[in-house]
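Read through the structure below, which is laid out as structure tokens, and then see the notes.
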Amino acid sequence: MLPCKIRPKSMPTPKLRTGPLKYAPFLFKPNLKPSSLVDPIKLLKISAETKNLRLGKILHALLITSNQPSKNGHPVFQTNSLIYFYVKCDEISVARQLFDEMPERNVVSWTALMSGYLHNGLALEVLRLYKKMVLLDGLCPNEYVFAIVISSCSDSGRVEEGKQCHGYVLKSGLVLHQYVKNALICMYSRCSDVDGAMRVLNTVPGYDVFSYNSVINKLIELEYLREALEVLDRMMVECVVWDNVTYVAIFGLCARLKDLKLGFQVHGQMLKSDLECDVFVSSAMVDMYGKCGKILYARKVFDCLPNRNVVSWTSIMAAYLQNGYFEEALNLFPKMEIEGIMPNEYTFAVLLKSSAGLSVLGLGDLLHARAEKSGFKEHVIVGNALVIMYSKTGNIKEANKIFSDMIFRETITWNAMICGYSHHGLGKEALTVFQDMLVAGVCPNYVTFVGVLSACAHSCLVQEGFYYLNQLMEQMGIEPGLEHYTCFVGLLSRAGLLDEAENFMRSTPVKWDVIAWRTLLNACHVHRNYGIGKRIAETVLQMDPHDEGTYILISNMYAKARRWDGVVKIRKLMRERNVKKEPGVSWLEIRNITHVFVSDDNKHPESSQIYEKVGELLAKIKPLGYVPDIAAVLHDVEDEQKEDYLSYHSEKLAIAYGLMKTPTGAPIRVIKNLRMCDDCHRAVKLISKVTNRLIIVRDANRFHHFHDGSCSCADFW
DNA sequence: TTAGGGTTAG
């Protein structure tokens, strides 16, 4: 009955075996008499489920040689079982050949083959087969057929055909079958038609955990978090038992909502259930605790894991990173390697961002080299992390090089480059990247416009800023938030439109935070507008009476105006309110060693040489017009002492050390915990000129690139 | 008596 040429050309020719069937003993149940042959169809099913190709082929041969129909089976059943077996063993072409040569087929023959195509990614072939089945063989599709056909519609994105199926199964009543309902929900979810999925869920009763997993995962992916919670409620009401996929999804939901209370409840429910906590669930838990700011809980879950894989390790590192514990994240890396776990692209992304957080350029370079060597550099998330790392560690040129070399870029990549340029005060470059982004057809998002508006602020582009905030964002359907409005205040401030900025803040119904008010206060300081400044200072101090930065800003503002009474008042207020004074600290990296400098501190082993170098530099820049702004320092200190106070600010010490220890022409990168003071800013500009060096200082506010006597911030920061 | 669904963590 069956032709012998079923073996396709690609398959190896089997060695010929002679004699009786050597494997016949397998076909007998040991506890039965040898004469009672086990039904080969049942054995074929077992071979299919265990993917035992060898046993199945023997059974196939047996069926051919015996040339007898199964004692209780029609020949169609035999061939259907063979098709099912070959499909399960990924021998789809053999299955197709058997199917094509069948003189007679039933619905099962078609579904067996269709499932094979569906699982091999050939969804369109399933739809072709469906048409043939109905039109040529005149067969009536059942629930099995629709489960496969609807899945094929979602796999191939054929929503219209899927909706036609939906209509048919509704009319025929087949929609009541669990598999059909789930396939429909999955189809609507995968096509991002959440309303469609919810309609199915609301019109036909009775769902299992698979349907709920499909819907919840999609809702979370599309950021419909409130709707996901509603579906979760329904799941609880219907007492559907959760599986691992559900727990992973719900921990992810808690993480996104930063809902620690719900996270605890879900964790408690999981402990009480019989669920075996696998690596997926435990990594999701580590992530949840990390995102909810509970790093110790995350660590506890991690420490208790019997088996850890690269994801578990990366999750805990990411939790440290997200909570600002950069060093802890980096320190886990060698421990992970000792356990023999190899890093992957996510691990490198987390490590690079951690080194960006610490501004350790040397370590970032090392990680860059390792990522490149291990082949992960081509991953978009590693590329993004490299752009972020280089721009945050002050090397914007290298950030741009990485960005330009990236073959595939996503919105995050573009945002990283735009925000990187903005942070460095390179507004024009940032806006050029934004234009390129639009030309490339990439959709900007909320973060993109934060970068764009801050770039406008850096370049004083008031008209463009208006256009982006009032027109383009609306056209793109992005609702402006506090960050955008704050950038806009920064833009008006930078342009010197202080009245307009204040009016804008007082008239726009936005819940302004202390950062926004400080933006305006800073502008009053730079533009020496003490009238508005005094008013804003009061507002800011009311909002946060303990922030040292605010007091320094106000004090500097009064000092610039020589309003010593104001300075004294602010200092008195600081003492009364017991505002913590943070010492000025700067650090720089030389050959992978980080050197730390504290203002007026002489603990560095080479302290006397450094102080000597500072003196030498100041002497060199005095002829160029540098006059120490003695009046800006505590006015009750003796003049001579005042100059010392200014000379030994930490950034001056760090820069002097950098000049002593690095080769001629090498750029010097310094990081400072506080804002640079006016005096240091003027001094460093001139130092960059007399030494012919590029000096990059990252202060609490932004990057300053000092070169040939000027600074990239154009004296506004 | 032969056929069908969700794949999740950083």
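Chain identifiers are assigned alphabetically (A, B, ...) following the order of the sequence lines, protein sequences preceding nucleic acid strands; residue numbering begins at 1 within each chain.
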Distance in angstrom units between Q78(A) CD and dT2(B) P, rounded: 12 Å
Of Y247(A), Y212(A), F210(A), the one forming a ring-ring contact (aromatic ring centres under 6.0 Å, His included) with W242(A) is Y247(A)
Candidate nucleotides dG4(B), dG5(B), dA9(B), ranked by approach to the side chain of F280(A) - the nearest: dA9(B)
Quickly work out the L184(A) CG to dG6(B) C1' distance and round it to whole Å. 14 Å
Side chain of N344(A), base of dG10(B): donor and acceptor closer than 3.5 Å? yes
So is the aromatic ring of Y346(A) stacked onto the base of dG10(B), judging by whether the centres are under 5.5 Å apart and the planes are under 30° apart? yes
For E276(A), all residues meeting salt bridge (charged side-chain N to carboxylate O under 4.0 Å, His left out), sequence neighbours excluded: none
Base, sugar-phosphate or nothing for V180(A)? Non-hydrogen atoms, less than 4.0 Å. nothing
OP1, OP2 of dG10(B) versus side-chain N and O of K353(A): anything below 4.0 Å? no
Whole-Å distance, Y212(A) OH to dG6(B) C1', equals 14 Å
From the options dG10(B), dA3(B), dT1(B), select the nucleotide whose nearest atom is closest to the side chain of F77(A). dT1(B)
Would you mind classifying the nucleic acid contact of N213(A) as base, sugar-phosphate or nothing, using non-hydrogen atoms under 4.0 angstrom? base
Report yes if at least one side-chain N or O of H119(A) is closer than 4.0 Å to OP1 or OP2 of dG5(B); otherwise report no. yes
Is there a donor N/O on one and an acceptor N/O on the other, under 3.5 Å, for the side chain of D208(A) and the base of dG5(B)? yes
Between D155(A) and R190(A), is the closest basic N to carboxylate O distance under 4.0 Å? yes
Rounded to whole angstroms, how far apart are CG on N309(A) and C1' on dT8(B)? 13 Å
Looking only at dG6(B), dG5(B), dA9(B), the nucleotide nearest the Q178(A) side chain is dG5(B)
Across the strands shown, which category fits A318(A) at heavy-atom distances under 4.0 angstrom: base, sugar-phosphate, nothing? sugar-phosphate
Considering only heavy side-chain atoms of N182(A), the closest of dG10(B), dG5(B), dG4(B) is dG5(B)
Are any of the side-chain nitrogens in E339(A) or R308(A) under 4.0 Å away from the carboxylate oxygens of its partner? yes
Counting any heavy atom closer than 4.0 Å, what does Y84(A) reach on the DNA or RNA strands: base, sugar-phosphate only, or nothing? sugar-phosphate
Using atom NE2 of H166(A) as one end and atom P of dG5(B) as the other, report the distance to the nearest whole Å. 19 Å
From CG of L352(A) across to C1' of dG10(B) the rounded distance in Å is 14 Å
Could you check which of dG5(B), dA3(B), dA9(B) has an atom nearest any side-chain atom of Y144(A)? dA3(B)
Taking only N and O in the side chain of K45(A), is any of them less than 4.0 Å away from OP1 or OP2 of dT1(B)? no
Integer-rounded Å distance: dG5(B) C1' and D243(A) CG: 13 Å
Any N or O donor-acceptor pair under 3.5 Å from the base of dA9(B) to the side chain of D278(A)? no
Between dG6(B), dG4(B), dG10(B), which nucleotide gets closest to the side-chain atoms of K291(A)? dG10(B)
Which of dG6(B), dT8(B), dA3(B) is nearest the side chain of V107(A)? It is dA3(B)
Take atom CZ of R308(A) and atom P of dG10(B), then tell me their distance rounded to the nearest Å. 18 Å
What residues, two or more places apart in sequence or in another chain, satisfy side-chain contact (heavy atoms from CB on, under 4.5 Å) together with E345(A)? F376(A), H379(A), I381(A), V382(A)
Is E227(A) salt-bridged to K218(A), going by a charged N under 4.0 Å from an acidic O? no
